[in-house]
Amino acid sequence: MKTIIKDIFFDLRMGFGIKLFSFKKSLGYYSRMKDALVGLKKNGYCRLEKYYTNEEVDDLHNECIGILDKSEDIFSKDETIRDSLERVEGEIKIKHIHRISNKLKVYTNEFFFILISFFFCGKPRIPTVFFNLIHDGSFEHKSVPGKSKVRIGGQWHYDQLDHILKCFVLLDDITPETGGATSIVNGSRKKFRHITNEKEKGDYATDEEINERETELKKLNIITDTNVKNLYGKKGDVFFIDTSNLHRGSPLIKGVKRCLWLYF
């Protein structure tokens, strides 16, 4: 019952936001806000193409690589960043980097993002910022050795049943040829509530448990060939996603994928 009530208020907030930004006919700010809210409400994700310019992407990229280069020193000084680090072969996710970068705060605390969080979450939220890098062995750095085989968050999972807003900014092009896209199952949040331990197993599930879970999801027609959306895009694109839906990081085929994650 509590979840149903929350869903009702979510639909009301998002519907109000969509109507509000429909009054202003424009190809700019108002149109983008409406598109973002419509996409999140209808599909659980939206893509804002070319949100950042190439110069801004380069600025973000250089800031993140600078943090990666100084990561060992950062870990020794900041326990929150050190203890929340996720790293597997060929992939790293450094969390809470807004704590050490005023530049990232300026980029990610902009009013457009905060306003989306207001309609989505019911109150404005300042995001926490993560840097994620995945590579095929071609990126040589002591902090990210090897090459990507098993992805962080590579199994189908959801974060919780309540609507959860996250955003990622692509710092590289992601295509079917490169792989490494974030994948989401459209409209899945309402279909799998009765599947126990889905969230708890996550990336720690055994291969047998993973196969059993995916078989069950397919039997229940939750994952089909038509409702899985791979979020491909160009560098500078911004994606907002509702991670109460099933989602995962798909395998990297080649190259390097760098992106910023914003958790609201």
Side-chain angles (χ1 to χ4, degrees), residues 1-53 56 98 104-130 157-170 181-194 198-199 222 226-234 236-247 259-264:
M1 178 60 72
K2 187 176 180 180
T3 300
I4 293 174
I5 293 173
K6 287 183 177 180
D7 281 351
I8 291 172
F9 279 107
F10 174 82
D11 289 338
L12 287 172
R13 287 195 309 271
M14 296 293 279
F16 174 74
I18 291 167
K19 287 185 178 180
L20 179 65
F21 288 100
S22 297
F23 289 132
K24 185 76 173 181
K25 302 299 182 182
S26 168
L27 296 176
Y29 185 93
Y30 294 91
S31 178
R32 273 194 160 178
M33 181 62 71
K34 178 187 173 184
D35 290 346
L37 295 175
V38 168
L40 282 166
K41 186 173 185 290
K42 181 180 179 181
N43 301 314
Y45 71 90
C46 69
R47 176 188 178 188
L48 303 180
E49 297 183 49
K50 298 180 180 178
Y51 190 89
Y52 291 113
T53 66
E56 289 171 326
H98 58 285
L104 290 178
K105 286 181 181 178
V106 171
Y107 273 108
T108 60
N109 291 359
E110 62 171 289
F111 183 68
F112 187 88
F113 291 173
I114 305 304
L115 191 55
I116 287 179
S117 75
F118 171 76
F119 289 108
F120 190 98
C121 305
K123 60 182 178 181
R125 291 187 175 176
I126 303 296
T128 59
V129 185
F130 302 171
H157 65 283
Y158 66 93
D159 293 339
Q160 64 183 54
L161 287 178
D162 291 339
H163 292 280
I164 298 293
L165 181 63
K166 293 182 181 178
C167 165
F168 61 89
V169 181
L170 290 182
T182 296
S183 302
I184 185 170
V185 182
N186 290 354
S188 56
R189 70 177 297 271
K190 294 182 179 179
K191 298 180 180 180
F192 57 74
R193 293 175 182 173
H194 59 288
E198 171 69 28
K199 179 179 185 296
I222 294 174
T226 58
N227 68 1
V228 174
K229 178 66 176 179
N230 296 310
L231 303 183
Y232 300 120
K234 299 287 188 180
D237 288 355
V238 169
F239 288 84
F240 286 91
I241 65 172
D242 182 348
T243 58
S244 65
N245 291 287
L246 287 171
H247 61 284
C259 70
L260 279 177
W261 277 94
L262 281 63
Y263 285 33
F264 291 88

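If you're wondering where the values come from, they're calculated on a predicted model, not measured in any experiment.
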**Q** For Asn109, enumerate each residue passing the side chain to side chain donor-acceptor pair (under 3.5 Å) test, keeping only those at least two apart in sequence or located in another chain.
**A** none

**Q** Taking all heavy atoms of Phe264 and all of Cys167, pick out the closest pair and write down the distance.
**A** CE1-CB, 3.9 Å

**Q** Measuring from Leu37:CG to Phe21:CZ, what's the distance to the nearest 0.5 Å?
**A** 7.0 Å

**Q** Using side chain to side chain donor-acceptor pair (under 3.5 Å) as the criterion, list what pairs up with Thr108, not counting sequence neighbours.
**A** none

**Q** For Lys42, check side-chain contact (heavy atoms from CB on, under 4.5 Å) against everything at least two apart and list the hits.
**A** none

**Q** Suppose we screen for ring-ring contact (aromatic ring centres under 6.0 Å, His included). Which residues come up paired with Tyr263, at least two apart in sequence or across chains?
**A** Phe130

**Q** So, taking the atom named CG in Leu115 and the one named CZ in Phe120, what distance separates them when rounded to the nearest 0.5 Å?
**A** 14.0 Å

**Q** Looking at every heavy atom in both Lys234 and Arg47, which two are closest together, and how far apart are they?
**A** N-NH2, 3.8 Å

**Q** Suppose we screen for salt bridge (charged side-chain N to carboxylate O under 4.0 Å, His left out). Which residues come up paired with Asp35, at least two apart in sequence or across chains?
**A** none

**Q** Output all residues satisfying salt bridge (charged side-chain N to carboxylate O under 4.0 Å, His left out) with Lys229, sequence neighbours left out; order by chain, then residue number.
**A** none

**Q** Between Asp159 and Lys166, is any pair of side-chain heavy atoms under 4.5 Å apart?
**A** yes

**Q** Which residues pass the side chain to side chain donor-acceptor pair (under 3.5 Å) test with Tyr107, sequence neighbours left out?
**A** Asp59

**Q** Excluding sequence neighbours, so at least two apart, what forms side-chain contact (heavy atoms from CB on, under 4.5 Å) with Cys46?
**A** Ala36, Leu40, Phe240

**Q** The criterion is side-chain contact (heavy atoms from CB on, under 4.5 Å); which residues satisfy it with Arg13, sequence neighbours excluded?
**A** Phe9, Phe10

**Q** Kindly compute the distance separating NE2 (His163) from CZ (Arg189), expressed to the nearest 0.5 Å.
**A** 3.5 Å

**Q** With distance as the sole test, does Asp242 use its side chain to make a donor-acceptor pair with the main-chain N or O of Leu165 at under 3.5 Å?
**A** no

**Q** Looking at His247 and His157, would you say the former's side chain and the latter's main chain have a donor-acceptor pair under 3.5 Å?
**A** yes

**Q** Which pair of non-hydrogen atoms, one from Pro124 and one from Ile114, has the smallest distance, and what is that distance?
**A** CB-CG2, 3.5 Å

**Q** Name all residues meeting the side chain to side chain donor-acceptor pair (under 3.5 Å) criterion together with Asp11; count only those two or more places apart in sequence or in a different chain, and write none if there are none.
**A** none

**Q** State the CD1-CG distance between Ile184 and Leu246, to the nearest 0.5 angstrom.
**A** 9.0 Å

**Q** Is there side-chain contact between Thr182 and Phe168, with heavy atoms separated by less than 4.5 Å?
**A** yes

**Q** Return the minimal non-hydrogen interatomic distance between Arg125 and Ser117, and the atom names on each side.
**A** N-OG, 2.9 Å

**Q** Check whether any side-chain N or O of Asn245 sits under 3.5 Å from a backbone N or O of Asn186 as a donor-acceptor pair, and report yes or no.
**A** no

**Q** Under the side-chain contact (heavy atoms from CB on, under 4.5 Å) rule, collect the residues that match up with Val228, sequence neighbours excluded.
**A** Trp156, Ser183, Val185, Ile223, Asn230

**Q** So which heavy atom on Ile116 is nearest to which on Met33, and how close?
**A** CG1-SD, 3.4 Å

**Q** Quick one: list whatever passes ring-ring contact (aromatic ring centres under 6.0 Å, His included) with Phe112, sequence neighbours left out.
**A** Tyr29, Tyr51

